[in-house]
Amino acid sequence: MDKFDFYKQVYAIVREVPCGRVTSYGAIAKSIGMPKSSRMVGYAMNASHDMPDVPAHRVVNRNGFLTGRMHFATSDQMEELLIKEGVLINENQVQNFEELFWDPFSLIKE
DNA sequence: CCGTTGACGCCAT
DNA sequence: TATGGCGCCAACG
(Lines give C-alpha, C1' and ligand atoms only; values in the text may rest on other atoms or scores of the structure.)
Protein backbone atom coordinates (compact mmCIF):
# COMPACT_ATOMS: atom_id res chain seq x y z
CA MET A 1 0.00 0.00 0.00
CA ASP A 2 1.49 3.29 -1.07
CA LYS A 3 1.80 5.88 1.61
CA PHE A 4 -0.43 8.14 -0.42
CA ASP A 5 -3.29 5.76 -0.48
CA PHE A 6 -3.97 7.90 2.55
CA TYR A 7 -5.75 10.40 0.35
CA LYS A 8 -7.59 7.69 -1.53
CA GLN A 9 -8.79 6.17 1.70
CA VAL A 10 -9.94 9.53 2.96
CA TYR A 11 -12.02 10.02 -0.15
CA ALA A 12 -13.32 6.46 0.02
CA ILE A 13 -14.54 6.97 3.56
CA VAL A 14 -16.06 10.39 2.95
CA ARG A 15 -17.92 8.95 0.00
CA GLU A 16 -19.58 6.49 2.38
CA VAL A 17 -20.88 9.11 4.77
CA PRO A 18 -24.66 8.76 4.59
CA CYS A 19 -26.80 11.67 3.50
CA GLY A 20 -27.93 13.68 6.48
CA ARG A 21 -25.07 12.45 8.63
CA VAL A 22 -21.65 13.94 9.44
CA THR A 23 -18.24 12.77 10.62
CA SER A 24 -15.03 14.41 11.75
CA TYR A 25 -11.49 14.82 10.45
CA GLY A 26 -10.06 13.07 13.47
CA ALA A 27 -12.42 10.11 13.17
CA ILE A 28 -11.41 9.61 9.56
CA ALA A 29 -7.71 9.88 10.38
CA LYS A 30 -8.13 7.38 13.19
CA SER A 31 -10.01 4.90 11.02
CA ILE A 32 -7.19 4.98 8.50
CA GLY A 33 -4.67 4.28 11.22
CA MET A 34 -3.12 7.72 11.52
CA PRO A 35 -4.91 9.23 14.52
CA LYS A 36 -2.43 12.08 14.74
CA SER A 37 -2.81 13.14 11.14
CA SER A 38 -6.21 14.76 11.22
CA ARG A 39 -4.67 17.84 9.63
CA MET A 40 -3.79 15.74 6.62
CA VAL A 41 -7.43 14.78 6.31
CA GLY A 42 -8.27 18.44 6.05
CA TYR A 43 -5.53 18.86 3.51
CA ALA A 44 -6.95 15.97 1.50
CA MET A 45 -10.35 17.59 1.58
CA ASN A 46 -8.87 20.76 0.19
CA ALA A 47 -7.82 18.74 -2.83
CA SER A 48 -11.16 16.95 -3.00
CA HIS A 49 -12.64 19.66 -5.18
CA ASP A 50 -11.68 17.75 -8.30
CA MET A 51 -12.80 14.43 -6.87
CA PRO A 52 -16.30 13.27 -7.84
CA ASP A 53 -18.83 12.17 -5.26
CA VAL A 54 -16.90 13.41 -2.25
CA PRO A 55 -19.35 15.16 0.10
CA ALA A 56 -16.76 17.28 1.86
CA HIS A 57 -19.51 19.26 3.55
CA ARG A 58 -20.31 16.25 5.73
CA VAL A 59 -16.91 16.49 7.39
CA VAL A 60 -16.67 18.82 10.37
CA ASN A 61 -14.29 19.15 13.27
CA ARG A 62 -14.63 17.25 16.53
CA ASN A 63 -16.94 19.87 18.01
CA GLY A 64 -19.30 19.82 15.07
CA PHE A 65 -18.15 23.20 13.78
CA LEU A 66 -18.06 23.88 10.04
CA THR A 67 -14.41 24.84 10.03
CA GLY A 68 -14.05 24.15 6.31
CA ARG A 69 -16.82 26.47 5.13
CA MET A 70 -14.33 29.08 3.90
CA HIS A 71 -13.03 26.70 1.28
CA PHE A 72 -16.27 26.25 -0.61
CA ALA A 73 -17.47 28.35 -3.51
CA THR A 74 -19.18 30.65 -1.04
CA SER A 75 -18.88 30.79 2.73
CA ASP A 76 -22.47 29.59 3.01
CA GLN A 77 -22.24 26.68 0.60
CA MET A 78 -21.34 24.10 3.23
CA GLU A 79 -24.15 25.12 5.53
CA GLU A 80 -26.63 25.20 2.66
CA LEU A 81 -25.76 21.69 1.54
CA LEU A 82 -26.13 20.32 5.06
CA ILE A 83 -29.42 22.06 5.68
CA LYS A 84 -30.59 20.69 2.37
CA GLU A 85 -29.90 17.21 3.75
CA GLY A 86 -31.82 17.93 6.92
CA VAL A 87 -28.84 18.75 9.11
CA LEU A 88 -29.59 21.75 11.29
CA ILE A 89 -26.88 24.38 11.62
CA ASN A 90 -26.59 27.17 14.14
CA GLU A 91 -23.68 29.56 14.49
CA ASN A 92 -21.58 27.42 12.14
CA GLN A 93 -22.14 24.39 14.34
CA VAL A 94 -24.01 21.16 13.59
CA GLN A 95 -26.94 20.82 15.95
CA ASN A 96 -27.51 17.43 17.53
CA PHE A 97 -23.98 16.56 16.44
CA GLU A 98 -23.51 13.49 18.59
CA GLU A 99 -26.64 11.92 17.20
CA LEU A 100 -25.84 12.72 13.59
CA PHE A 101 -22.20 11.67 13.93
CA TRP A 102 -21.26 8.79 11.67
CA ASP A 103 -18.28 6.78 12.83
CA PRO A 104 -16.08 5.58 9.92
CA PHE A 105 -15.13 2.64 12.10
CA SER A 106 -18.63 1.26 11.63
CA LEU A 107 -17.74 0.91 7.96
CA ILE A 108 -14.68 -1.16 8.74
CA LYS A 109 -16.47 -3.32 11.25
CA GLU A 110 -19.22 -3.60 8.69
C1' DC B 1 16.80 23.55 0.18
C1' DC B 2 14.35 25.50 3.94
C1' DG B 3 10.78 28.02 6.45
C1' DT B 4 5.83 28.59 6.69
C1' DT B 5 1.31 27.18 6.48
C1' DG B 6 -2.78 24.88 7.53
C1' DA B 7 -10.80 22.05 6.25
C1' DC B 8 -7.24 19.21 13.39
C1' DG B 9 -6.90 17.44 17.94
C1' DC B 10 -4.56 16.03 22.19
C1' DC B 11 -2.15 17.36 26.23
C1' DA B 12 -0.08 20.45 29.68
C1' DT B 13 -0.72 24.33 32.51
C1' DT C 1 -13.16 25.84 32.37
C1' DA C 2 -9.96 28.28 29.30
C1' DT C 3 -5.70 29.07 26.82
C1' DG C 4 -1.59 27.86 24.72
C1' DG C 5 1.79 24.55 22.92
C1' DC C 6 2.92 21.07 19.85
C1' DG C 7 2.70 16.76 16.91
C1' DC C 8 1.44 15.80 12.41
C1' DC C 9 3.41 16.04 7.28
C1' DA C 10 2.37 17.44 2.38
C1' DA C 11 2.32 21.52 -0.27
C1' DC C 12 3.94 25.91 -1.47
C1' DG C 13 7.14 29.98 -2.37
Round to the nearest Å and state the distance from [X] atom [atom1] to [N] atom [atom2].
X      : N       : atom1 : atom2 : value
Y7(A)  : dC9(C)  : OH    : P     : 12 Å
N46(A) : dC12(C) : CG    : C1'   : 12 Å
M40(A) : dC9(C)  : CE    : C1'   : 4 Å
I32(A) : dC9(C)  : CD1   : P     : 13 Å
H71(A) : dG6(B)  : NE2   : C1'   : 8 Å

Ignoring hydrogens, what is the shortest heavy-atom contact between L100(A) and G20(A)? Give both atom names and the distance.
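Heavy atoms only, the tightest pair is CD2-O, 3.6 Å.
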Any sub-3.5 Å donor-acceptor pair from R21(A)'s side-chain atoms to D103(A)'s backbone N or O?
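Flag not set: sc R21(A) to bb D103(A) has no pair under 3.5 Å.
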Donor-acceptor contact below 3.5 Å, side chain Y11(A) vs main chain D53(A):
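Not a single qualifying donor-acceptor pair exists.
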Taking distance alone, no hydrogens or angles, what donor-acceptor pairs closer than 3.5 Å link side-chain atoms of residues 70-79 of chain A to residues at least two apart or in another chain?
| residue | atom | partner | partner atom | Å |
| --- | --- | --- | --- | --- |
| T74(A) | OG1 | D76(A) | N | 3.4 |
| T74(A) | OG1 | Q77(A) | N | 3.2 |

Taking side chain as C-beta onward, heavy atoms only, is L66(A) less than 4.5 Å from V94(A)?
yes
Rounding to the closest angstrom, what is the interatomic distance between dA7(B) and dT3(C) at atom C1'?
22 Å
Verdict with reasoning, F101(A) to T23(A), per side-chain contact (heavy atoms from CB on, under 4.5 Å)
CA-CA 5 Å; F101(A) 180 77; T23(A) 189; 3.8 Å; yes
At under 4.0 Å between heavy atoms, how does the protein contact nucleotides 8-13 of chain B? Give one character per nucleotide, 5' to 3', with B, S or -.
BSS---
Of the options dC9(C), dA7(B), dG6(B), whose atoms approach the side-chain atoms of A56(A) most closely?
dA7(B)
